[in-house]
Amino acid sequence: MEKKVSRIGVLTSGGDSPGMNAAVRAVVRTGNYHGLEVYGIMRGYQGLIEDDIFRMDSRSVANIIQRGGTILKTARCKEFFEYEGRKRAYENLKKRGIDGLIIIGGDGSFRGAVNFSNEFDIPCIGIAGTIDKDIQGTDFTIGFDTAVNTAVEAIDKIRDTMDAHDRIFIIEVMGRDAGYIALHSGIATGAENILIPERKTDMDAIIKSLLEKERRQKLVNLIVVAEGDDFGGANQVQKILKDKLPNAEIRVCILGHIQRGGSPTCIDRLIASRMGYHAVESLMEGRYNVFVGIQNNKMHYIPLEKAVKNKGKISEEWMKIVKILALINITNKRLLKQV
Ligand code: ADP
């Protein structure tokens, strides 16, 4: 049954992503605009269980829209997997009269919210914050654009030195289950090969094409690998290639946590602001236990339990673009099939 909310809590949970602060700001200011009391909860579900909760007003979110990380901090919280932990969390909300919760996080955080709202009388709204863009039902997640731009900037720099030395470079980007960072940053930096978890990589074909390029003295090659690819990341790929290309100079660079930090891009700030605003509106309108997504530039409200990982969704067309744009001196379609 629909009930009016008057006090809402906001938390950031799971892996952090640039733009989470912009979402917190939007939630606080939209809530205040509607006359709601807004409470910040520190360290995700951990702070909820430990009662680390404080009142936020519009001024408390001044000057954070441009900052990476999250002022509310984030955590992974074991106790929240257990009913007892969730019960303590509920009691802390209840004693303050908090009657709505906004969770900024990934699919794991949303699964926690589903369990929580099923067991207790707390409507939950999710905002998709993850650099991996691995949540089904939304074209954007907060932090993806910033992470990709960081990766592109780093890869461009590596390309300079790689080119100067005629090297093969294997660059590992984040993405344990989703290859979007690898795909987007790889295409944007002109990678010859992109290895992602969603698609089976034909390593024999890559080796064949590298050997062929070696013969043509095309020694510079950029390979972008998602950390969750079939082979277990860039170091493993290097081992395989070294074996088959003993004369090639092959280097590895793992970009790592640099991709999580930094000032959010304009796109991430906009997405976060829109999602934060609509999350509060959704609570006000009695649309509960959904997460806010954007599809074809329109807001969508998707049931939280449908927030499954977006695996296996990368189309054939993307991979074809990678192949065609990486070709130099090959105009023959038959040869394209071998690359
Ligand atoms: P993300 O939200 O980035 O996917 P995690 O998967 O680590 O990150 O989830 C963040 C937190 O959400 C977990 O540490 C846990 O507290 C909570 N959580 C995740 N899955 C569940 C679940 N099935 N039941 C209860 N809580 C969960």
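The model shown is predicted, which means the values in this text are computed figures rather than measured ones. First listed ligand is number 1; within each ligand, the first listed atom is number 1.
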Next on the checklist: Regarding ligand 1, does Cys77 bring an N or O atom to under 3.5 Å of one of the ligand's N or O atoms?
Outcome noted: yes

Next on the checklist: Please determine whether a side-chain nitrogen of the Lys or Arg among Arg199 and Glu316 lies less than 4.0 Å from a carboxylate oxygen of the Asp or Glu.
Outcome noted: yes

Checklist outcome for this item: The complete set of salt bridge (Lys or Arg N to Asp or Glu O under 4.0 Å) pairs with one or both residues in residues 230-245, sequence neighbours excluded, reads Lys200-Asp230

Item to check | For Gly15, atoms of ligand 1 separated by under 4.0 Å from a heavy atom | outcome: 3 (O)

Next on the checklist: Strictly by salt bridge (Lys or Arg N to Asp or Glu O under 4.0 Å), give each pair with a member in residues 59-86 just once, sequence neighbours left out.
Outcome noted: Arg86-Glu119

Checklist entry - Which atoms of ligand 1 are found less than 4.0 Å from any heavy atom of Asp107? => result 4 (O)

Checklist entry - Arg111 to ligand 1: N or O pair under 3.5 Å? => result no

Next on the checklist: Give the atom numbers and elements of ligand 1 that come within less than 4.0 Å of a heavy atom of Ser13.
Outcome noted: 10 (C), 11 (C)

Checklist entry - What part of Asn115, side chain from CB on, backbone N/CA/C/O, both or neither, has a heavy atom under 4.0 Å from ligand 1? => result side chain

Checklist entry - Quick one: does Gly105 get an N or O within less than 3.5 Å of an N or O on ligand 1? => result no

Checklist outcome for this item: In Ile131, Asp268, Thr74, Thr146, the residue satisfying side chain to side chain contact (heavy atoms under 4.5 Å, CB included) with Ser17 is Ile131

Next on the checklist: Below 4.0 Å, non-hydrogen atoms only: which portion of Tyr45 touches ligand 1? Side chain, backbone, both or neither.
Outcome noted: side chain

Checklist outcome for this item: Within 4.0 Å of some non-hydrogen atom of Arg76, the atoms of ligand 1 are 5 (P), 7 (O), 8 (O), 14 (O)

Item to check | Side-chain donor-acceptor contact under 3.5 Å, Asn32 with Ser58 | outcome: yes

Item to check | Test: Glu37 and Arg96 ion pair at under 4.0 Å | outcome: no

Item to check | Heavy-atom nearest option to atom 27 (C) of ligand 1, drawn from Gly112, Gly85, Gly14 | outcome: Gly112

Next on the checklist: Which of the numbered atoms in ligand 1 are under 4.0 angstrom from any heavy atom belonging to Arg86?
Outcome noted: 25 (C)

Checklist entry - Name the one of Ile125, Thr30, Val290 that satisfies side chain to side chain contact (heavy atoms under 4.5 Å, CB included) with Leu283? => result Ile125

Checklist entry - If you measure from each non-hydrogen atom of Lys78 to ligand 1, which part falls under 4.0 Å: side chain, backbone, both or neither? => result neither

Checklist entry - Is the gap between the ring centers of Tyr90 and Tyr83 under 6.0 Å? => result no

